[in-house]
Amino acid sequence: MQNFAKNERLCSKSVIDQLFTQGHSFFKHPLKIKWLQGQWDSNNSVKVVISVSKHRFKKAVDRNKIKRLIRESFRLNKFVLENGLKGQKVYLAIIYTSNEMPDFATLNRVINDVFHRLNLDYEKLSG
RNA sequence: AAAGCAGUGUGUUCUGUCGCCAUAAUUUAAUUUUAUGGAGGAAAGUCGGGGCAAUAAAAGGCGCCAUACUUCCUAACGGGAAGGUUUCGCAACCGGCGAAAACAGCAAGUGCCACAGAAAACAACCGCCUAAGUCAUCGUUGCAUGACCGGUAAGGGUGAAAACGUAGAGUAAGAGCCUACGAUAUGGUUUGGUAACAAACCAUAUGGGUAAACCUUAUGGAUUGAAAGACCAAAUAUACCCGGAGAUCUUUAUGAUCGGAAGCUGCCCGCUUUAUUCCGGGGGGGUAGGUCGUUUAAGACCGGAGGUGACUCCGGCCUAAGAUAAAUGACAGAAACCUGAGCAUUAAUCAGGAACAGAACCCCGCUUAUAGCACUGUACGGUAC
RNA sequence: CGGGGCGUAGCGCAGUCCGGCUAGCGCACCUGGUUUGGGACCAGGGGGUCGAAGGUUCGAAUCCUUUCGCCCCGA
């Protein structure tokens with residue numbers, strides 16, 4: 001299913017603090033990724049938070065646009081990550097760090113690469 | 001005729017696939033499925049005003065802040081409408097039209113006005129005048145000369161600004177001191193107007209600018225903002241309250257027996273307590289989190305009536321985003337619009353473009369940003385040269 | 001959402017309340033002197049539309065209005 005429901009979003013402030021202080025991170029232009037293994041009740045395998053800096057994009061319209069594009073490509077590529085994780089659960093933060101507006105095609109490709117990379121890192125870490 | 005500039009209005013529609021948020025129905029172990037709805041004229045800036053909420057508070061005064069032609073509209077406003085005055089534009093003049101105005105008061109008081117200039121506000125530095133008064137002088141006894149006491153704003157290369165303007169009369173010299181014409185201000189009367197104000201007449205005056213200087217007058221203003229505020233409430237710790245604490249027996253109970261610590265006593269018995277420890281229960285405040293506040297309102301649309309207008313009244317009809325690390329999207333296609341190529345021109349065709357910008361308690365305004373398109377103004381008439 | 005502050009020379013700051021004074025100070029920069037040469041020192045010099053636009057005034061960095069950018073605070 002290529003949907004994106006409410007329980008796949010990370011909303012708790014304390015968990016976000018934990019993710020940003022203790023999480024593993026890597027960088028793939030124009031995205032910065034932070035991730036951390038987690039535990040929760042519902043049976044989805046990822047909780048994600050998407051962030052665009054107010055410093056880089058002053059207009060709310062542009063920030064909303066970028067967040068919507070990232071969310072859309074996350075939704076379409078989520079199956080890659082779910083296959084790699086094999087039932088484990090992960091908190092994820094996606095931070096946009098460029099100064100230019102992205103277009104959907106390149107962003108989609110980057111997200112796909114990022115998820116493959118994330119799967120490799122996860123396997124390496126867990127053995 | 002029209003570019004540009006300024007203002008006002010408008011702010012593209014439809015189809016398919018996959019998704020997001022809310023509500024309703026349906027169905028479950030979680031949930032699923034279906035239907036309906038889902039950004040703006042500025043949602044922006046947060047500059048005014050109000051609702052709403054909490055706190056404070058007799059009335060009133062002082063202080064502080066804001067506003068300032070008039071009448072009206074509005075819940076209210078620093079907003080709006082109509083009107084007046086002044087200035088500006090068409091424009092040389094008149095009418096007319098349009099635009100702008102922080103347009104109360106400096107003739108209530110105080111302060112300031114650099115440089116220059118005699119002087120920047122109770123004006124005698126130079127200049128002009130010695131008629132009157134006092135004193136002195138003398139070949140001249142005067143309509144003399146000199147000094148003192150004075151008079152005088154007509155003239156003076158300045159300056160942003162110089163003490164009503166021009167002409168006459170008058171005088172020793174002069175002066176609105178007086179006269180004529182003109183200008184301005186204040187007060188009064190009459191007429192028109194709800195009023196600001198306008199016109200006419202009379203009287204008085206001639207007082208430089210500055211209140212986006214202090215200030216005066218009039219009017220208004222309590223403070224803090226939905227992160228306000230109300231309610232529910234896990235985990236952990238816990239004020240306070242209640243019950244209990246080890247061992248043995250059995251009839252399993254509000255049971256019996258033995259025992260520990262402390263106090264009363266010198267000691268035993270007996271009585272009382274048992275906390276600062278631990279266990280169980282209650283319990284208040286309250287964190288994470290959640291619910292309400294929160295979208296039915298100074299509401300939209302249609303029709304009628306009143307008013308120059310802002311706007312008001314009456315009737316009908318409708319309910320229209322509601323998220324909370326924050327939904328309203330992505331991809332593909334079509335139509336209309338604009339630009340370029342194409343063509344003598346139009347059409348077909350091809351390529352490209354489509355602004356400013358995203359609700360966060362809710363309204364009314366203001367301000368600022370806006371591609372393309374539409375409309376209005378700039379862009380009237382007469383007279384004179 | 002609400003509140004407060006700052007934009008002046010390449011850099012860091014005065015001056016703004018209460019309008020006129022050459023828009024000033026330190027570092028940096030340039031020229032000359034000093035030294036065998038450099039630094040330090042001495043003397044002299046250049047560089048500013050006071051964030052932007054409009055207004056008030058004879059006159060605005062300063063007063064008023066609008067606007068742009070930056071920073072801080074309240075949970």
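Lettering of chains follows the sequences in order, A, B, ..., and the numbering in each one begins at 1. Values in this document were obtained by computation on a predicted structure and should not be read as measured data.
Syn is the glycosidic conformation of B/G41, whose angle stays within 90° of 0. Applying the 90° criterion around 0 to the glycosidic angle, B/U277 comes out anti. Base orientation of B/G50: anti, since the glycosidic angle falls outside 90° of 0. The glycosidic torsion of B/A348 lies more than 90° away from 0, which places this base in the anti conformation. With its glycosidic angle more than 90° from 0, B/U370 adopts the anti conformation.
Qualifying side chain to side chain contact (heavy atoms under 4.5 Å, CB included) partners for A/Ser25, counting only residues two or more places apart in sequence or in other chains: A/Lys34. Residues meeting the ring pair (Phe, Tyr, Trp, His ring centres under 6.0 Å) test with A/Tyr96, sequence neighbours left out: none. By the ring pair (Phe, Tyr, Trp, His ring centres under 6.0 Å) test, A/His24 pairs with A/Trp35, sequence neighbours left out. Legend: residues meeting salt bridge (charged side-chain N to carboxylate O under 4.0 Å, His left out) with A/Asp62, ordered by chain and number and at least two apart, are absent. Taking A/Arg68 as the reference, A/Asn64, A/Arg71 meet the side chain to side chain contact (heavy atoms under 4.5 Å, CB included) condition, with sequence neighbours excluded. Under the rule for a salt bridge (charged side-chain N to carboxylate O under 4.0 Å, His left out), A/Lys67 has no partner lying at least two apart in sequence or in another chain. In terms of the side chain to side chain donor-acceptor pair (under 3.5 Å) criterion, residue partners of A/Asn108 (sequence neighbours excluded) are, by chain and number, A/Asn77.
In this structure, A/Phe79 atom CZ and B/C18 atom P are separated by 17 Å, rounded to whole Å.
B/C343 and B/A348 have their C1' atoms separated by 11 Å, given to the nearest Å. Nucleotides C/C30 and C/A9 have their C1' atoms positioned 15 Å apart, rounded to a whole Å. Going from the C1' atom of B/A297 to that of B/U319 covers 11 Å, rounded to whole Å. Rounded to whole Å, the C1' atom of B/U216 lies 11 Å from the corresponding atom of B/C106. As rounded to the nearest Å, B/G358 and B/C73 have C1' atoms that lie 35 Å from one another. Of the P atoms belonging to B/G322 and B/G333, the separation is 34 Å, rounded to the nearest Å. When the C1' atom is compared between B/G11 and B/A43, the two are found 14 Å apart, to the nearest whole Å. Straight-line distance between the P atoms of B/C197 and B/G84: roughly 13 Å, to the nearest whole Å.
Sorted by first then second residue, the salt bridge (Lys or Arg N to Asp or Glu O under 4.0 Å) pairs that include residues 102-119 of chain A, not counting sequence neighbours, are A/Lys28-A/Asp113, A/Arg117-A/Asp121.
Summarising the base pairing, B/U206 is matched to B/A183 through a Watson-Crick or G-U wobble pair whose two defining distances lie under 3.5 Å. Across all strands shown, B/U219 is found opposite B/A66 as a Watson-Crick or G-U wobble partner, with both distances under 3.5 Å. Remark: B/C278 base-pairs with B/G244. Criterion, Watson-Crick or G-U wobble with two distances under 3.5 Å. Taking a pair to require two hydrogen-bonding distances under 3.5 Å in either a Watson-Crick or a G-U wobble arrangement, B/C97 pairs with B/G89. The pairing partner recorded for B/A3 is none, the criterion being a Watson-Crick or G-U wobble arrangement whose two distances lie under 3.5 angstrom. Nucleotide B/C343 is matched to nothing when pairs are restricted to Watson-Crick or G-U wobble geometry with both distances under 3.5 angstrom.
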Writing each nucleotide of RNA chain C 5' to 3' as (, ), [, ], | or . by Watson-Crick or G-U pairing under 3.5 Å yields (((((((..((((......[...)))).(((((.......))))).....(((((..]....)))))))))))).

task: For the pair A/Ile33 and A/Ile94, evaluate side-chain contact (heavy atoms from CB on, under 4.5 Å) and give the outcome as yes or no after the intermediate values.
output: CA-CA 5 Å; A/Ile33 306 294; A/Ile94 302 174; 4.1 Å; yes

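Under the 4.5 Å side-chain heavy-atom criterion for Ile, Leu, Val, Met, Phe, Trp and Tyr, A/Val110 and A/Phe26 are members of the same hydrophobic cluster.
Toward the 5′ end of RNA chain B lies the nearest nucleotide of A/Val49, the other residue of the pair A/Val49 and A/Val61 mapping further downstream.
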Taking only N/O atoms, report every protein-nucleotides 368-372 of chain B pair under 3.5 Å with atom names and distance.
none

Can you check nucleotides 326-331 of chain B for protein contacts, nitrogen or oxygen pairs under 3.5 Å, and list what you find?
unit_1, atom_1, unit_2, atom_2, d
B/U328, OP2, A/Arg68, NE, 2.8
B/U328, OP2, A/Arg68, NH2, 3.2
B/G329, N2, A/Glu72, OE2, 3.3
B/A330, OP1, A/Lys65, NZ, 2.7

